[in-house]
Asker: 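There's a structure below that I have some questions on.
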Number of protein chains: 2
Amino acid sequence: MATVLKIRTKTSPAAGQSHAASSCDVSPAAKLPLGTILAGDCIAAMAAIPDDSIDMVFADPPYNLQLGGNLLRPDGSTVDAVTDDWDQFASFAAYDLFTRNWLAQARRILKPAGSLWVIGSYHNIFRVGTAIQDAGFWIMNDIVWRKSNPMPNFKGTRFTNAHETLIWAAFDEKAKYTFNYRAMKTLNDELQMRSDWLLPICSGQERLKHDGVKVHPTQKPEALLYRIMLATTRPGDVVLDPFFGTGTTGAVAKRLGREWIGCEQEARYRDAAMERIRSALPLDERAIKTMQSKRQAPRVPFGMLVEAGYIAAGTMLVDKKRRFSAFVRADGSLDAAGATGSIHAVGAQLQNAPSCNGWTFWHVMHEEGLKPIDTARQLYLLANEE
Amino acid sequence: MATVLKIRTKTSPAAGQSHAASSCDVSPAAKLPLGTILAGDCIAAMAAIPDDSIDMVFADPPYNLQLGGNLLRPDGSTVDAVTDDWDQFASFAAYDLFTRNWLAQARRILKPAGSLWVIGSYHNIFRVGTAIQDAGFWIMNDIVWRKSNPMPNFKGTRFTNAHETLIWAAFDEKAKYTFNYRAMKTLNDELQMRSDWLLPICSGQERLKHDGVKVHPTQKPEALLYRIMLATTRPGDVVLDPFFGTGTTGAVAKRLGREWIGCEQEARYRDAAMERIRSALPLDERAIKTMQSKRQAPRVPFGMLVEAGYIAAGTMLVDKKRRFSAFVRADGSLDAAGATGSIHAVGAQLQNAPSCNGWTFWHVMHEEGLKPIDTARQLYLLANEE
DNA sequence: CCCGTACGTGAATCTCATG
DNA sequence: CCATGAGATTCACGTACGG
């Protein structure tokens with residue numbers, strides 16, 4: 001199936017070389033529609049781009065969300081869902097065909113040393129990843145964008161969907177791709193940049209609005225594109241985005257001295273993007289700050305200590321004066337005479353107090369005497385520093 | 001391709017019901033090889049398990065089939081290592097076939113309300129995820145296991161690969177799966193559990209060693225299985241692991257009062273696993289209890305509280321801001337200016353809201369202030385526990 | 001001008017038993 | 001199959017407004 005859609009094999013570097021050689025005195029870059037947004041379907045638009053001419057393709061394709069009816073928040077308000085036509089596909093097969101088609105074009109126009117980046121969620125990323133591998137790309141990393149402020153799961157039916165996944169792939173297994181290792185290490189306080197990135201979603205001033213309404217439902221944060229381009233392109237490189245939307249890729253490319261090309265079907269997105277890129281100012285300080293990984297102290301829930309065996313389920317906890325006792329359950333809740341709940345809630349309830357710091361209130365019995373459960377938390381933090 | 005491997009459709013609950021009905025006086029669980037490790041190929045081993053009999057399948061499938069030098073065919077025979085494009089595609093196809101075969105068995109033995117969990121890395125997880133969707137499972141979440149102590153990338157050629165990905169899937173879109181929302185929220189200090197989990201890799205005392213050498217190359221931490229089982233199974237549920245290895249799944253299942261079945265080809269892993277599970281200590285019944293959601297609590301109609309005198313007919317109820325008031329009638333309905341009906345319906349109508357939880361909206365006036373009528377329900381439940 | 005509170009909102013596959 | 005009604009359910013920010 002994959003081979004049908006694979007436009008060319010291009011396994012040997014020689015093929016790319018000969019093509020470059022054939023382009024006479026005009027450099028391939030001169031023919032590229034740099035700094036423009038191509039209208040229409042991205043597959044057709046990419047067909048106008050020469051082979052082996054793009055240094056990076058960044059793609060944020062439709063996720064094929066398949067949402068049901070309206071979703072209400074606990075306060076009764078309605079969630080503004082992504083129900084746009086461009087996200088609707090008849091079947092997985094239709095989505096796969098669409099994916100393989102645009103990937104085939106992306107592969108054709110990408111230089112042998114170029115990088116492919118795609119972002120998605122669990123709805124589509126597995127299909128996209130499979131197609132990337134089948135097309136012959138070589139996956140370098142999957143990157144997890146951990147959202148610091150995701151939308152909660154309002155109905156309590158699943159885990160909060162708090163991340164999206166990016167795939168970074170080189171042209172093939174042998175490709176000489178660009179990876180600015182030092183830049184990434186510097187950005188991360190002299191520690192190797194990990195595959196999980198903590199970044200806020202796009203909101204506030206950065207979010208494009210028209211009459212107070214967001215222009216695009218899924219605008220990506222500039223900090224995300226900033227890190228991607230800094231990691232895998234060089235100044236002057238050409239970045240193409242087949243799903244340009246409101247032009248985050250273009251704005252960041254301009255900021256970082258990279259060239260850009262976009263493809264976008266919807267005129268109102270194209271207009272907003274051109275306007276935005278024209279007036280692009282240096283990344284505001286907030287955006288840059290969020291990219292430098294804060295050495296934030298990880299929060300350690302009591303349940304994690306139970307899970308990790310620092311305090312076993314079944315342990316009996318007591319307060320300092322041994323007036324109260326409580327039993328630790330598997331989920332980190334406490335079971336005391338007449339009260340169950342968190343270490344804080346049970347402590348408060350037993351004392352008939354409005355609140356209670358369970359970490360210092362509850363103790364574990366040792367031979368040497370009582371130890372507050374907070375010491376277990378300290379031990380955990382020591383052992384699991386990132 | 002997917003349909004070929006789909007053993008049965010099992011879309012209608014009726015199919016599962018009729019099967020259960022046909023099992024005469026012997027319960028399906030009685031026929032299961034609980035607490036044992038089935039030797040040999042997992043696909044053949046699972047064939048001996050009855051339909052619709054397993055509550056959770058946890059799978060940690062191999063993902064180095066095309067990387068470890070020798071390429072394995074789905075039947076276990078080896079293919080000469082190859083590097084050109086066609087054979088790379090062939091290796092993906094072989095891996096996909098293997099994946100779809102064991103998934104088909106997993107789907108067959110899973111109860112309609114059961115859960116599937118699979119863990120993998122970027123080498124294989126996209127192919128596995130696609131196969132999961134094609135088999136008809138419904139993905140609930142993808143979970144990122146963030147490793148607090150990952151192996152660094154020594155050559156500085158990529159981002160540190162600091163996570164693995166898990167997929168949690170229900171049988172199909174309509175399935176009534178188990179999710180212990182409250183237990184997860186409690187485990188995470190009263191915040192919704194997110195899709196990114198920070199856990200250390202398996203090391204230290206937990207890591208099984210023989211003569212100082214690790215027994216299994218990819219032993220998973222018990223904390224990971226602990227969270228998975230606490231989230232999506234109940235005590236007494238049957239968990240099957242087709243790639244049992246050294247038995248982390250079995251050890252945690254025993255600890256949490258779940259039943260387990262393993263499949264493992266290698267005798268030395270089976271031996272290590274049995275020894276390990278033998279010495280694992282089960283938690284007592286009280287410790288494996290977790291926080292329950294209100295949905296699982298027995299329903300108490302408001303009228304019953306009126307009947308029992310917890311809230312007298314004739315009482316005046318008000319909302320928190322005292323903007324609305326309503327009069328309690330003998331049958332538990334409310335009578336407010338311009339609206340009569342249930343506590344929920346009247347609350348919604350007065351606020352002009354789509355819905356309203358009357359239990360938390362309406363309050364009774366006490367000397368100390370307002371108290372939500374939900375506290376009366378809690379008292380009633382406490383007094384009438386069985 | 002500062003601080004506290006209230007309100008709005010983000011790629012979301014978001015209830016369930018009963019008739 | 002669908003309609004109905006009870007009733008369960010949210011986290012992190014940015015912005016606006018009032019004192």
Side-chain angles (χ1 to χ4, degrees), chain A residues 60-84 86-89 92 119-125 145 147-165 198 200-207 209 212-214 216-221 243 245 286 290, chain B residues 12 133 137-142 169-170 172-174 176-177 179 181-182 185 188-195 292-297 299-303 321 332 341-348 354-362 373-374 377:
Chain A
D60 181 10
Y63 287 8
N64 189 22
L65 284 188
Q66 305 178 248
L67 302 179
N70 282 348
L71 177 62
L72 296 183
R73 300 167 196 267
D75 67 6
S77 62
T78 305
V79 172
D80 182 18
V82 179
T83 52
D84 306 66
W86 49 255
D87 199 46
Q88 306 300 319
F89 292 84
F92 281 137
I119 183 168
S121 67
Y122 67 83
H123 310 85
N124 71 324
I125 198 66
W145 167 28
K147 301 180 183 183
S148 55
N149 48 350
M151 193 186 301
N153 181 288
F154 295 113
K155 303 295 188 187
T157 56
R158 307 175 178 208
F159 298 99
T160 306
N161 190 8
H163 74 275
E164 294 189 25
T165 302
L198 181 66
I201 59 177
C202 181
S203 67
Q205 295 298 323
E206 190 185 325
R207 187 89 193 202
K209 299 206 174 155
V213 180
K214 62 188 176 192
H216 195 283
T218 70
Q219 186 181 339
K220 295 292 176 288
F243 308 96
R286 184 175 40 79
T290 58
Chain B
S12 79
Q133 290 181 312
F137 290 103
W138 191 249
I139 297 180
M140 304 301 301
N141 280 110
D142 59 334
D172 59 26
E173 184 175 356
K174 305 288 177 200
K176 296 187 201 302
Y177 56 91
F179 180 56
Y181 174 74
R182 283 291 325 171
K185 191 168 174 177
N188 194 37
D189 266 1
E190 294 304 310
L191 285 179
Q192 286 191 342
M193 187 68 83
R194 295 167 42 114
S195 56
Q292 300 292 303
S293 80
K294 286 194 175 170
R295 275 201 192 99
Q296 295 163 268
R299 268 188 46 186
V300 180
F302 182 66
K321 294 179 183 169
S342 73
I343 52 173
H344 315 292
V346 172
S355 70
C356 166
N357 183 344
W359 291 108
T360 51
F361 179 74
W362 293 112
I373 58 176
D374 196 40
R377 178 169 60 160

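The model shown is predicted, which means the values in this text are computed figures rather than measured ones. Chain letters run A, B, ... following the sequence lines, proteins first, then strands; residues in each count from 1.
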Asker: Can you list the residues that meet the side chain to side chain contact (heavy atoms under 4.5 Å, CB included) rule with Q292(B), with sequence neighbours excluded?
Answerer: T290(B), Q296(B)
Asker: Quote, to the nearest angstrom, the P distance that separates dA6(D) from dT13(C).
Answerer: 29 Å
Asker: Does Q192(B) reach the main-chain N or O of N153(A) with its side chain, forming a donor-acceptor pair under 3.5 Å?
Answerer: yes
Asker: Say you pick atom P in dG7(D) and the same atom in dC14(C); how far apart are they, in whole Å?
Answerer: 23 Å
Asker: At 4.0 Å (heavy atoms only), tell me whether T218(A) reaches a base, stays on the sugar-phosphate, or touches nothing.
Answerer: base
Asker: Looking at dA8(D), does its base get a donor-acceptor pair with the side chain of S355(B) below 3.5 Å?
Answerer: yes
Asker: Look at Y122(A) and dT13(C) and indicate whether a side-chain polar atom (N or O) is within less than 4.0 Å of OP1 or OP2.
Answerer: yes
Asker: Describe the nucleic acid contact of D80(A) in one word from base, sugar-phosphate, nothing, applying a heavy-atom distance below 4.0 Å.
Answerer: sugar-phosphate
Asker: Measure the distance from NZ on K220(A) to P on dG10(C) and round it to the nearest whole Å.
Answerer: 13 Å
Asker: Could you tell me whether the side chain of D84(A) and the main chain of W86(A) form a donor-acceptor pair under 3.5 Å?
Answerer: no
Asker: Which listed nucleotide (dA11(C), dA12(C), dC14(C)) is nearest to the side chain of D87(A)?
Answerer: dA11(C)
Asker: What's I343(B) touching, base or sugar-phosphate or nothing? Going by heavy atoms closer than 4.0 Å.
Answerer: nothing
Asker: Nearest heavy atom decides the nucleotide; on that basis, is N70(A) or K321(B) closer to the 5' end of DNA chain C?
Answerer: K321(B)
Asker: Pick base, sugar-phosphate or nothing for N161(A), based on heavy-atom distances below 4.0 Å to the nucleic acid.
Answerer: sugar-phosphate
Asker: Toss me the dot-bracket line for DNA chain C: Watson-Crick and G-U wobble, both under 3.5 Å, 5' to 3', using | for pairs to another strand and [ ] for crossers.
Answerer: .|||||||||....|||||
Asker: Sub-3.5 Å donor-acceptor pair from the side chain of R207(A) to the main-chain atoms of H216(A), do we have one?
Answerer: yes
Asker: Taking all non-hydrogen atoms of both residues into account, name the closest pair between P354(B) and G76(A) and its distance.
Answerer: CG-O, 3.7 Å
Asker: Could you state the atom-to-atom distance from NE2 of H163(A) to P of dA12(C) in whole Å?
Answerer: 14 Å
Asker: Touch check for Q192(B), heavy atoms < 4.0 angstrom, all strands: base, sugar-phosphate only, or nothing?
Answerer: sugar-phosphate
Asker: If you check the K185(B) side chain, which of dG7(D), dG14(D), dC11(D) turns out closest?
Answerer: dC11(D)
Asker: Provide, to the nearest angstrom, the distance between the CD atom belonging to E173(B) and the P atom belonging to dT15(C).
Answerer: 11 Å
Asker: Can you measure Q296(B) atom CD to dG7(D) atom P for me and round it to whole angstrom units?
Answerer: 16 Å
Asker: Name the orientation of the base relative to the sugar in dT13(C): syn if the glycosidic angle is within 90° of 0, else anti.
Answerer: syn
Asker: Applying a 4.0 Å non-hydrogen cut-off, can you work out what D60(A) is touching in the nucleic acid: base, sugar-phosphate, or nothing?
Answerer: base
Asker: Looking at every non-hydrogen atom in both residues, tell me the closest pair between P62(A) and F243(A) and how far apart they are.
Answerer: CD-CE2, 3.9 Å
Asker: In whole angstrom, give the distance that lies between atom NZ of K155(A) and atom P of dT10(D).
Answerer: 10 Å
Asker: Considering every strand and a 4.0 Å limit on heavy-atom distances, what is the contact class for W359(B): base, sugar-phosphate, or nothing?
Answerer: sugar-phosphate
Asker: Quiz question: by atom type and distance under 3.5 Å, do the side chains of H123(A) and S121(A) form a donor-acceptor pair?
Answerer: yes
Asker: For DNA chain D, what residues of residues 147-154 of chain A have any heavy atom nearer than 4.0 Å?
Answerer: S148(A), N149(A), P150(A), P152(A), N153(A), F154(A)
Asker: Please give me the minimum heavy-atom distance between M140(B) and Y122(A), naming the atom from each residue.
Answerer: O-OH, 3.7 Å
Asker: Quick one: does W359(B)'s side chain get under 4.5 Å of I373(B)'s, heavy atoms only?
Answerer: yes
Asker: Quiz question: going by heavy-atom distance under 3.5 Å, is there a donor-acceptor pair between the base of dG10(C) and the side chain of R73(A)?
Answerer: yes
Asker: Assign each of H344(B) and T160(A) to its nearest nucleotide of DNA chain D by heavy atoms, then name whichever residue's nucleotide is nearer the 5' end.
Answerer: H344(B)
Asker: Where the side chain of L65(A) is defined as all heavy atoms beyond and including C-beta, which of dT13(C), dA11(C), dA12(C) is the nearest nucleotide?
Answerer: dA11(C)
Asker: Classify G69(A) by what it touches in the nucleic acid, base, sugar-phosphate, or nothing, heavy-atom distance under 4.0 Å.
Answerer: base
Asker: Measure the distance from CG on N188(B) to C1' on dT10(D) and round it to the nearest whole Å.
Answerer: 14 Å
Asker: Measure from the side-chain heavy atoms of S203(A) and tell me the nearest of dC16(C), dG14(D), dA12(C).
Answerer: dG14(D)
Asker: Out of dA6(D), dT15(C), dT9(C), which nucleotide sits closest to the side chain of R299(B)?
Answerer: dA6(D)
Asker: Between D87(A) and N64(A) (side chain of the first, backbone of the second, donor and acceptor by atom type, cut-off under 3.5 Å), is there such a pair?
Answerer: yes
Asker: Figure out the NZ/C1' separation between K294(B) and dT9(D), and round it to whole Å.
Answerer: 10 Å
Asker: With heavy-atom distances below 4.5 Å as the criterion, would you say the side chains of K185(B) and L191(B) are in contact?
Answerer: no
Asker: Does dA8(D) have OP1 or OP2 under 4.0 Å away from a side-chain N or O of R377(B)?
Answerer: yes
Asker: As a test of reading the structure: which of dT15(D), dA8(D), dT13(C) is closest to the side chain of Q205(A), going by heavy atoms?
Answerer: dT15(D)
Asker: With no hydrogens and no angle check, is any side-chain donor or acceptor of K147(A) less than 3.5 Å from a backbone partner on W145(A)?
Answerer: no
Asker: Here's a test for you: under side chain to side chain contact (heavy atoms under 4.5 Å, CB included), which of L72(A), T160(A), V79(A) qualifies with F154(A)?
Answerer: V79(A)
Asker: Contact class for P61(A) (heavy atom, under 4.0 Å): base, sugar-phosphate, or nothing?
Answerer: base
Asker: Which whole-number value in Å describes the distance from N124(A) CG to dA12(C) P?
Answerer: 13 Å
Asker: Determine the contact category for R194(B): base if any of its heavy atoms lies under 4.0 Å from a base atom, sugar-phosphate if only primed atoms, P, OP1 or OP2 are that close, otherwise nothing.
Answerer: nothing
Asker: Taking atom C1' in both dC1(C) and dG19(D), what distance in whole Å separates the two?
Answerer: 12 Å
Asker: Are Y181(B) and dT10(D) close enough that a side-chain N or O sits under 4.0 Å from OP1 or OP2?
Answerer: yes
Asker: Name the residue closer to the 5' end of DNA chain C, choosing between K214(A) and F92(A) according to the nucleotide with the nearest heavy atom.
Answerer: K214(A)
